[in-house]
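Before any comments, here is the structure.
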Amino acid sequence: MSAHSENAPGQDVPFWGPDFGALQQEDPEIAGVVLDELERLRGGLQLIASENLTSPAVLAALGSTLSNKYAEGYPGRRYYGGCQVVDQAEEIGNARTKALFGAEHVNLQPHSGASANLAAYAAFAKPGDTVLAMDLKQGGHLTHGSKVNFSGLWFHAVSYTVREDSELIDYDQVRDLALEHKPKIIIAGATAYPRLIDFARFREIADEVGAKLMVDAAHFIGLVAGKAIPSPVPFADVVTATTHKVLRGPRGGMILAREEHAKAIDKAVFPFSQGGPLMHSVAAKAVAMKEAAQPAYQAYANQVIANAQALAKGLEAEGMRAVSGGTDTHLALIDLRPIGVTGGEAEARCDLTRITLNKNAIPYDPAPPMKPSGIRVGSPSTTTQGMVESDMAEIASLLARAVKAEHGTTAGDRELADVAQAVSALVSRAPAYPRG
Ligand SMILES: *Cc1c(COP(=O)(O)O)cnc(C)c1O
């Protein structure tokens with residue numbers, strides 16, 4: 001076999017794959033795509049708040065023969081033979097996850113964050129029941145009641161908002177809506193909310209109306225793992241999450257739950273909403289949990305927050321406005337109205353300089369959803385590359401130059417080319433997936 005990667009330790013290990021030489025030989029077209037994506041990651045700045053750069057160990061588990069195994073069911077209770085080996089991956093993963101989060105029960109099988117949420121809904125509610133969650137326009141997720149998603153089609157979704165003045169969750173309104181609508185489930189957690197969430201307050205409200213409290217920690221579970229922010233686990237009936245955002249594991253989902261809900265959650269994942277688990281991904285989740293339990297990961301999680309704060313500060317210094325005045329987490333929501341640029345324009349201009357980010361609505365956005373007034377920026381990927389606050393200050397200044405450069409004018413295009421060059425120089429100092 002040819003070397004499975006440039007930096008693979010121990011060529012004598014009898015590991016079958018990932019063999020990039022085989023891919024190149026059999027399918028040069030897709031091998032080219034894989035290499036192009038690696039080059040894209042290496043050549044630019046990834047500021048998408050929901051992305052990260054997984055370790056070679058996680059990638060190796062993902063590219064393993066565990067992908068072949070059918071293992072419907074749970075360890076020791078499978079519907080297929082030959083599961084003794086993959087059972088160990090799930091058992092080890094479950095034990096590590098429980099220890100890392102102090103959780104009573106864990107399910108690592110959800111294929112994604114959305115699948116984890118579907119299962120949590122199914123465990124606690126029936127179609128037509130009421131669910132109270134954050135307004136999508138203000139940072140809630142598709143699975144929190146969107147009309148094009150199961151959550152909005154099959155459930156009666158009521159939305160709470162942030163306060164217009166502080167741009168923080170309006171807990172009084174959450175309580176009022178809970179008392180009025182008597183939801184089966186209250187969901188705390190969002191996809192574009194830069195601040196800490198008061199889980200104790202949500203617990204109080206849920207208890208007052210007899211609702212289950214589901215914390216959708218998809219975005220910030222990695223910061224909890226790294227002990228950089230408070231954990232929702234002691235307060236929630238169930239915590240759903242992804243494993244690929246700040247947590248830096250494989251793309252996938254997971255559920256943490258109180259023991260009393262263990263059966264309902266497991267049944268809601270399999271057989272209700274999924275078939276066979278992705279055992280290669282479960283194994284890779286186990287690897288990520290081991291990594292996240294290290295002191296180095298805790299330092300990483302704290303640096304992620306310091307970097308997001310430095311980035312938000314730098315962008316404010318360039319005349320933009322950080323929603324809620326800043327961030328306590330890995331992401332910032334930036335209002336571009338003060339500099340007269342739309343989120344879409346900013347995203348497109350940054351793209352030309354290989355700064356990757358996404359346009360995003362801001363709370364009470366006066367612009368239509370397809371032309372939002374802001375961008376969302378995050379620090380998980382750049383921090384994995386080893387960048388620190390001073391790099392973030394430089395990124396803020398490059399980002400601002402890109403956003404303010406009028407694409408299509410001679411001066412604007414020259415400025416974008418200059419910024420692209422500076423981005424290239426910056427990432428070559430702290431590259432993603434460094435060579436050898
Ligand atoms: C990312 C995210 C999800 C969904 O994760 P997928 O793996 O993309 O399905 C769910 N909830 C929130 C709050 C998220 O940010």
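Heavy-atom basis, side chains included; hydrogens, waters and symmetry copies ignored. Both counts, for ligands and for their atoms, begin at 1 and track the order of listing.
Aromatic rings of Tyr70 and Tyr79 (six-membered ring for Trp) have centroids beyond the 6.0 Å cut-off, not under it. Ring centroids of Tyr171 and Phe202 are separated by less than 6.0 Å, placing the two rings close together.
Taking every non-hydrogen atom of Gly113 and a distance limit under 4.0 Å, the qualifying atoms of ligand 1 come out as 4 (C), 5 (O), 6 (P), 7 (O), 9 (O). Near Asp216, meaning under 4.0 Å from any of its heavy atoms, are these atoms of ligand 1: 10 (C), 11 (N), 12 (C), 13 (C). Of all the atoms in ligand 1, the ones that sit under 4.0 Å from a non-hydrogen atom of His244 are 7 (O). Proximity to Ala114 (heavy-atom distance under 4.0 Å) selects the following atoms of ligand 1: 4 (C), 5 (O), 6 (P), 9 (O). Close contacts between ligand 1 and Asn117 involve ligand atoms 10 (C), 11 (N) [criterion: under 4.0 Å to a heavy atom]. Close contacts between ligand 1 and Ser112 involve ligand atoms 7 (O), 9 (O) [criterion: under 4.0 Å to a heavy atom]. For ligand 1, the atoms closer than 4.0 angstrom to any heavy atom of Thr242 are 5 (O), 7 (O).
For the residue pair His219/His330, the side-chain donor-acceptor check at 3.5 Å is satisfied. With no hydrogens or angles considered, no side-chain donor-acceptor pair links Thr143 and Asn149 at under 3.5 Å.
With respect to Arg376 and Glu347, no salt bridge is recorded, no charged nitrogen being found less than 4.0 Å from a carboxylate O. With salt bridges taken as basic N to acidic carboxylate O contacts below 4.0 Å, none links Arg96 and Glu91.
Remark: among candidates His219, Met134, Lys245, Arg251, the nearest residue to atom 2 (C) of ligand 1 is Lys245, based on non-hydrogen atoms.
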Pair Asp237, Lys212 - check salt bridge (charged side-chain N to carboxylate O under 4.0 Å, His left out), show working. CA-CA 6 Å; Asp237 289 282; Lys212 296 287 189 298; 5.6 Å; no
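His141 NE2, 3.2 Å is the protein heavy atom nearest to atom 3 (C) of ligand 1.
In this structure, Ala190 is part of the shell of residues with a heavy atom less than 4.0 angstrom from ligand 1.
Protein heavy atoms are found less than 4.0 angstrom from atom 15 (O) of ligand 1.
For the pair Arg248 and Tyr300, the cation-pi criterion (under 6.0 Å, within 45° of the ring axis) is fulfilled.
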